[in-house]
Amino acid sequence: MVVTKEDVVAALTSSLSPSHLEVIDTSGGCGASFDVEVVSEKFEGKRLLERHRLVNAALAEQMPQIHALSIKKALTPSQWKPQSENEEPAKI
């Protein structure tokens, strides 16, 4: 079974109810490698390791087929807001 970006998004959305979620398939389409950026209220009061465990638990069904999962950001909404305000808008 190939894991798609949509599979990862659905699993994380269902489990973590994120206010921001970015999933990038870095495997070239074979579904073996993903970068994840997730912002969720469920991370409140949790250390980074606990947040990563929540992400891994949300993807438990997909993990046997995923070779590499890079959790780039696992933030609370209050941590995300200052970062998103500081980012420059994309230039066209």
Contact summary for F43 and L75, nearest pair of heavy atoms: CD1-O, 3.2 Å

Heavy-atom check, side chain of S78 versus side chain of E44, under 4.5 Å: yes

Pairwise distance NZ(K72) to CG(D35) - rounded to 0.5 angstrom: 4.5 Å

V36 to L21 - nearest heavy-atom pair and separation: CG1-CD1, 4.4 Å

Approximate separation, where rounding is to 0.5 Å, of H20 NE2 and K81 NZ: 15.5 Å

Any side-chain heavy-atom pair of F34 and V3 under 4.5 Å: yes

Value rounded to 0.5 Å, distance of CD in E22 from NZ in K5: 7.5 Å

Verdict with reasoning, R51 to V38, per side-chain contact (heavy atoms from CB on, under 4.5 Å): CA-CA 10 Å; R51 295 174 185 191; V38 61; over 6 Å; no

Shortest non-hydrogen separation from V2 to D7 and the atoms involved: O-OD2, 3.8 Å

Interatomic spacing from NZ in K46 to CG in L54 - rounded to 0.5 Å: 6.0 Å

Verify same cluster id: V9, I24 (apolar side-chain graph, 4.5 Å): no

Atom pair CD/CG of Q65 and L59 - distance to nearest 0.5 Å: 11.5 Å

Closest approach of E50 to G45 (non-hydrogen atoms, all atoms of both residues): OE1-O, 4.5 Å

K73 side-chain N/O to W80 backbone N/O, donor-acceptor pair under 3.5 Å: no

Residue pair P18 / L12: nearest heavy atoms and the distance that separates them: CD-O, 3.8 Å

Residue pair A58 / A11: nearest heavy atoms and the distance that separates them: O-CB, 3.5 Å

Note, S19 side chain near E41 side chain (heavy atom, < 4.5 Å): no

Rounded distance (nearest 0.5 Å) linking atom OG1 of T13 with atom CD of E6: 11.5 Å

Atom CD of E61: over 12 foreign heavy atoms under 6.0 Å: no

